[in-house]
Number of protein chains: 2
Amino acid sequence: MNQVRQTKRTTIYDLAELAGTSASAVSAVLNGNWKKRRISAQLAEKIMRIAEEQGYALNMQASLLRREKSHIIGMIVPKYDNRYFGSIVETFEDMARARGLFPIITCTRRDPQLEVEAARTMLSYQVECLIATGATDPDRITEMCAAAGVRSLNLDLPGALAPSVISDNFAGARELTRRILKNSELRLGKMEPLLFIGGRGSDHNTAERIRGFREAHADLGVAVHEENILACGYAPEKAEKALDERALGGDALPKGMFVNSTISLEGVMRWIRRSGHLDDRSLVLGCFDWDPFVTLLGNGIEMVRQDVPGMLTKVFELIESGANKPVVIQVPPLIPEAQEA
Amino acid sequence: MNQVRQTKRTTIYDLAELAGTSASAVSAVLNGNWKKRRISAQLAEKIMRIAEEQGYALNMQASLLRREKSHIIGMIVPKYDNRYFGSIVETFEDMARARGLFPIITCTRRDPQLEVEAARTMLSYQVECLIATGATDPDRITEMCAAAGVRSLNLDLPGALAPSVISDNFAGARELTRRILKNSELRLGKMEPLLFIGGRGSDHNTAERIRGFREAHADLGVAVHEENILACGYAPEKAEKALDERALGGDALPKGMFVNSTISLEGVMRWIRRSGHLDDRSLVLGCFDWDPFVTLLGNGIEMVRQDVPGMLTKVFELIESGANKPVVIQVPPLIPEAQEA
DNA sequence: CAAGCTTGCTCAATCGATGAAGCAAGAATT
DNA sequence: AATTCTTGCTTCATCGATTGAGCAAGCTTG
């Protein structure tokens with residue numbers, strides 16, 4: 001029934017026996033501080049050779065149980081379905097490894113229950129630090145971590161109890177709005193108020209972006225229409241539905257739109273396509289987030305690209321500095337060269 | 001200097017002392033088999049209450065060290081920068097959790113060295129099973145796992161030593177090619193041989209896709225031009241460069257193209273845009289892989305969407321069946337409704 | 001009422017790696 | 001020759017959770 005399968009994995013005791021030495025000598029050699037423990041180079045070499053031959057792999061659980069620090073760093077992330085989070089995860093893994101940490105990441109699908117469970121599991125794995133990315137309830141996670149004596153940080157969405165690293169949503173949105181308005185003027189000959197679509201009105205980032213959106217309108221002397229702010233959620237279907245409803249609502253939809261994420265942009269583009277505006281070059285769009293294909297959509301869509309390496313650099317600086325105060329660090333997003341129309 | 005920080009994490013011994021009972025009773029209660037161990041409901045409730053109050057979190061390292069099975073399942077994945085791998089990772093996490101397993105995932109950036117290191121680390125964490133997704137050297141990983149008595153599986157790219165679950169690349173590519181050729185006929189009035197671009201000639205998937213590409217041409221009586229097969233790698237820049245070189249190569253580029261991944265498609269679209277073909281509706285494209293924005297690119301680009309849930313279902317079936325033989329299971333990809341031009 | 005059963009716990013060994021403390025043999029110093 | 005130092009190991013307790021074995025008290029049965 002079963003294939004050939006080693007009954008037991010090789011341990012330092014097996015290696016000690018094979019080398020005719022003690023387990024502690026083996027341990028010292030394999031974890032690299034054999035010089036400190038005064039093991040002869042000869043024995044060290046022998047042990048390393050035997051370990052190699054036997055395909056020995058450390059039992060991390062045993063090692064971690066004994067050691068004081070786990071060197072494990074955890075991250076929870078809402079989704080893997082867009083470039084922003086994908087790049088956060090990839091960069092995080094890289095930077096963690098470069099610092100000798102072992103990253104573990106889990107996706108919580110914007111589900112508060114899952115977030116809490118994931119955090120508890122990470123604590124069980126003795127993470128030294130937990131990064132809550134885009135968490136729906138970051139403070140809950142901070143509290144859990146604090147109770148276990150583990151430090152935590154917020155990324156993308158801020159919390160009140162732990163340090164947070166987020167994009168400068170206000171400035172980014174203001175600049176993006178300004179650009180969309182300027183494009184409107186250029187392409188349509190006039191500056192009309194834009195539609196804001198996507199995101200959750202309750203989340204900090206969306207609120208700040210709406211603030212930037214208003215400010216840019218005010219700066220350019222354009223009135224913002226209240227019914228044109230549709231914080232309908234992130235999912236594409238929600239954006240699509242919100243546009244349907246807004247379109248039924250009487251007066252014509254604005255030609256210019258500020259779309260609050262690439263995910264929402266999917267819904268917006270679907271709506272545009274469905275409602276026959278696909279070739280309507282008079283649509284002037286901007287998106288708070290970046291995706292390579294959006295550039296190629298060819299409607300001259302402006303994008304704001306959040307500075308993922310910059311944000312994670314700040315995250316690791318905070319970790320290394322040991323700071324615990326609930327500051328909010330805002331990282332300016334990158335705004336690529338203006339798109340041609 | 002230091003913030004208030006709990007010196008020590010709460011253990012079952014602390015809880016035992018608080019409850020006036022033994023550590024083994026606490027352990028039995030908290031891991032749920034207190035009925036089996038004949039602990040009274042009264043004591044169980046008391047212990048659970050105290051554990052709650054103290055914010056107790058299990059030390060997984062200690063627990064795993066003692067137990068026979070870790071319930072950890074590992075996956076290595078090349079990148080997080082496209083929908084295919086993003087969806088693999090998200091679905092994998094979900095399905096693993098649904099089976100009571102703890103998923104750990106790491107990204108190896110198509111770097112053989114990193115793959116090996118990641119595999120070794122996962123073995124140290126006592127994974128029960130390791131899934132090598134799109135690995136450059138899957139057999140190397142299988143060997144490492146076998147030496148540790150750990151089962152392994154290949155996903156996306158097959159290996160010779162462990163069971164593999166992959167897309168039916170041949171059938172998918174044949175159907176995609178057929179569709180592109182039909183679209184050519186429809187839009188250009190004639191069926192001209194296509195250009196194949198992207199992927200590595202050395203990888204199994206690319207080879208199979210090229211085979212399907214040829215077969216579809218043969219079926220429709222179109223000759224394939226050898227210099228039109230550009231397996232130039234996956235990165236966008238490589239596709240862009242390959243097109244540049246091919247364009248210099250004398251005769252005109254084909255109007256129809258089979259692009260071997262969304263990542264390569266980025267490069268192709270960039271090239272198209274740069275070379276002024278962006279509004280050229282005579283271009284007829286197809287892409288082996290799916291991205292929501294590609295639909296919206298509006299050139300009627302055909303896509304093949306790999307059946308990620310189907311593939312992972314097979315993966316878990318293999319795991320549960322305990323099969324170890326190096327079979328290759330091919331999962332038919334999904335081909336969405338034909339795109340309008 | 002003695003023997004046996006049930007209930008509800010506790011004891012102690014164990015998982016594998018680590019590192020402080022200790023020990024034996026040889027080298028160096030007085 | 002006696003003392004101290006150095007080298008190169010080994011011994012053993014430990015990390016926290018798990019679990020087989022065991023034990024005491026109460027209950028049942030003949």
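As the structure is a prediction and not an experimental result, all values here were calculated from the model. All values below come from the heavy atoms of this structure, side chains included, with hydrogens, waters and symmetry mates left out. Within every chain, numbering begins at 1; the chains are lettered A, B, ... in the order of the sequence lines, protein sequences first and strands thereafter.
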Atom OH of A:Y13 to atom P of D:dT11: distance rounded to whole Å? 12 Å
NA contact type, B:L43, heavy-atom cut-off 4.0 Å: base, sugar-phosphate, or nothing? sugar-phosphate
Side-chain H-bond candidate by donor/acceptor type, B:T106 with A:R97, under 3.5 Å: yes
d(CG, B:L15; C1', C:dC9) in whole Å: 17 Å
Stepwise side chain to side chain contact (heavy atoms under 4.5 Å, CB included) check, B:M144 with B:R120: CA-CA 8 Å; B:M144 291 175 59; B:R120 195 182 305 285; 3.8 Å; yes
Counting any heavy atom closer than 4.0 Å, what does A:S40 reach on the DNA or RNA strands: base, sugar-phosphate only, or nothing? sugar-phosphate
I want to know whether B:F102 and A:Y125 have ring centres closer than 6.0 Å. yes
Length of the line joining A:K69:NZ and C:dA17:C1', which is rounded to integer Å: 19 Å
So what does A:L64 hit on the nucleic acid, given a heavy-atom distance under 4.0 Å: a base, only sugar-phosphate, or nothing? nothing
Please determine if a side-chain N or O atom of A:N59 lies less than 4.0 Å away from the OP1 or OP2 oxygen of C:dC15. no
Rounded to whole Å, please give me the gap between CG in A:L65 and C1' in D:dT14. 9 Å
Does A:N33 make a side-chain N or O approach to OP1 or OP2 of C:dG19 shorter than 4.0 Å? yes
When rounded to whole Å, the CH2 to C1' distance for the pair A:W34 and D:dG8 reads 12 Å
Between NZ of A:K46 and P of D:dG8 the distance, given in whole Å, is 16 Å
When you check the phosphate oxygens OP1 and OP2 of C:dG16, does a side-chain N or O of A:T11 lie under 4.0 Å from one of them? no
Output yes when at least one side-chain N/O atom of A:S27 is less than 4.0 Å from OP1 or OP2 of C:dG16, else no. no
Contacts of B:S22 and B:R66 projected onto DNA chain C by closest heavy atom; the upstream (5') one is B:S22
Separation of A:I12 atom CD1 from D:dT14 atom C1', in whole Å? 13 Å
C:dC11 base / B:S24 side chain donor-acceptor hit below 3.5 Å: yes
Given C:dG19, D:dT7, D:dT18, which nucleotide is nearest the side-chain atoms of A:R38? D:dT7
Once you round it to whole Å, what is the distance between C1' of D:dC9 and CD1 of A:I47? 10 Å
Can you find an N or O donor on one side and an acceptor on the other, under 3.5 Å apart, linking the side chain of B:R67 with the base of D:dT18? no
For the base of D:dG20, is there a side-chain donor-acceptor partner from B:R37 under 3.5 Å away? yes
Taking CD in A:E45 as the centre, count heavy atoms belonging to other residues, nucleotides or ligands within less than 6.0 Å. Is the count above 12? no
Taking the ring centre of each residue, are B:F85 and B:Y80 less than 6.0 Å apart? no
